[in-house]
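So the structure is just underneath, and the comments pick up after that.
Reckoned from all heavy atoms, side chains included, excluding hydrogens, waters and symmetry mates. The chain is numbered in sequence order, starting from 1.
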Amino acid sequence: MANTPNITTERMIALGIRLLEALTAAPQQTLDINDAACALGVPAQDIPSIVSTLGALSDRSSGARAALSLEGNTIRLVGDSALIMPLRLSVEEGMVLSHVLDVLNIDDATRERVQRSLMPLDETPSTEGLAEPSRYGQWFTRIGEALEDGVRCTMAYRSLTQESPTERLVDPIALQEEADAVYLIAWDINKDAERRYRLDRIDRFEFTDDSVSPHDAVHRSTAESLRTTGNRARLKMEDGYLAQLDWAGIGEVVSDGKGTSLCTVFYSSEPWLFDQILAAGGACTIVEPQGVRDRFVAYARSLLIA
């Protein structure tokens, strides 16, 4: 067992355990050698010996070892076997795992054992309304790390009305699960306002070197956000069609008692609204404002010409 001068074997093992604790708490279980030395209160030149000592220790019955690597100035803990704290998923990660367990053909005992081992202790994530895993996009894990570590980020995001993504500089605030999608609640630095971003519309997500700043976040739901910043229209709908809708922007509904209702609808994209009207096949029409009615007619005619 390799020792550095003036460090006993017992001291070396104690330092190794503290290093495992630091690696467990570090993002992606990775530490810079100088940060590790500072955390342990030893010179940086002692860290390779501590890493080597940890790698030499093994479980008596199984022979299992902690897998660590020291490449340049970076120490990395590989795998979960040497984590000091039990592995627990966040609530957001638990939602994904619950959905995956539901769609896999595995026995109930195995599913229960996985959930008991990994799910958050304080609540059980609900999978009601979950669609295909693509709703979480390709940056779900990195967004979770940004939220946990408080990192300001840049991302390429394509809104419903944009043909190509644009660059955003944001402070991540929270993840929000809704029936239609999963959203990142974040503070848009350039607009100095809270915004919501669908995870499946994020094309790129990267960390900056800056930390997030405090903001007066509201955490609005989709419905609240549409009512605050969206456009407004009055639609006439057949009651049977209305009962099938899950639009977040549906507001006041007044029935005429004859099978139809007048609905106030809040929306952010006119093309989206027009497509919904066309898809209804006559079961939904625009009552007001007149300008929206006129643009809808022009939109429909453009589709015929195309």
Side-chain angles (χ1 to χ4, degrees), residues 1-97 113-125 139-153 171-175 205-214:
M1 192 175 294
N3 282 359
T4 58
N6 302 321
I7 298 183
T8 65
T9 300
E10 291 76 12
R11 173 67 173 160
M12 185 73 71
I13 295 174
L15 289 171
I17 293 174
R18 289 175 56 191
L19 178 58
L20 286 179
E21 291 175 342
L23 285 167
T24 297
Q28 299 179 324
Q29 281 71 65
T30 300
L31 277 176
D32 179 81
I33 193 170
N34 293 311
D35 292 336
C38 181
L40 271 58
V42 299
Q45 59 263 30
D46 290 352
I47 295 298
S49 294
I50 298 173
V51 171
S52 176
T53 298
L54 280 175
L57 297 174
S58 64
D59 182 80
R60 289 185 178 181
S61 58
S62 66
R65 299 172 183 266
L68 294 95
S69 66
L70 178 57
E71 301 175 0
N73 288 330
T74 301
I75 313 167
R76 188 181 307 276
L77 180 62
V78 182
D80 300 325
S81 61
L83 292 177
I84 296 298
M85 297 298 292
L87 176 62
R88 286 286 174 183
L89 302 180
S90 67
V91 174
E92 294 79 15
E93 292 168 333
M95 291 188 302
V96 178
L97 177 61
R113 188 164 64 252
V114 171
Q115 290 177 326
R116 188 170 58 250
S117 300
L118 298 178
M119 287 298 192
L121 294 173
D122 53 347
E123 58 182 295
T124 301
W139 304 106
F140 182 83
T141 300
R142 181 167 291 185
I143 291 171
E145 293 173 0
L147 288 167
E148 182 177 350
D149 298 335
V151 180
R152 180 167 291 179
C153 301
D171 283 351
I173 298 172
L175 284 170
F205 192 90
E206 298 177 350
F207 299 162
T208 70
D209 294 330
D210 300 323
S211 299
V212 299
S213 299

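- Taking OG1 of Thr74 as the reference point, atom CG of Asp32 lies at 6.0 Å (rounded to 0.5 Å).
- Evaluation of the side-chain contact (heavy atoms from CB on, under 4.5 Å) rule for Pro43 yields Gln45, Asp46 as partners, not counting sequence neighbours.
- A search for side-chain hydrogen bond (donor to acceptor under 3.5 Å, both in side chains) contacts involving Thr30 returns Arg76, not counting sequence neighbours.
- Between Val151 and Pro172 the shortest side-chain heavy-atom distance does not fall below 4.5 Å.
- Taken from CG in Leu40 to CG in Asp35, the straight-line distance is 11.5 Å, to the nearest 0.5 Å.
- Ile47 CD1 to Leu15 CG: the interatomic distance, rounded to the nearest 0.5 Å, is 8.0 Å.
- Partners of Ala44 under the side-chain contact (heavy atoms from CB on, under 4.5 Å) rule, at least two apart in sequence or in another chain, are Asn34, Ala37.
- Nearest heavy atoms, Leu19 versus Leu31: CD1-CD1, 4.3 Å.
- Across every non-hydrogen atom of Ile75 and Ala36, the tightest pair is CD1-CB, 3.7 Å.
- Between Cys153 and Trp139 the shortest side-chain heavy-atom distance does not fall below 4.5 Å.
- Listed by chain and residue number, Arg152 satisfy the side-chain hydrogen bond (donor to acceptor under 3.5 Å, both in side chains) test with Ser213 (two or more places apart in sequence, or in another chain).
- Residues forming a salt bridge (Lys or Arg N to Asp or Glu O under 4.0 Å) with Glu206 (at least two apart in sequence, or on another chain): Arg204.
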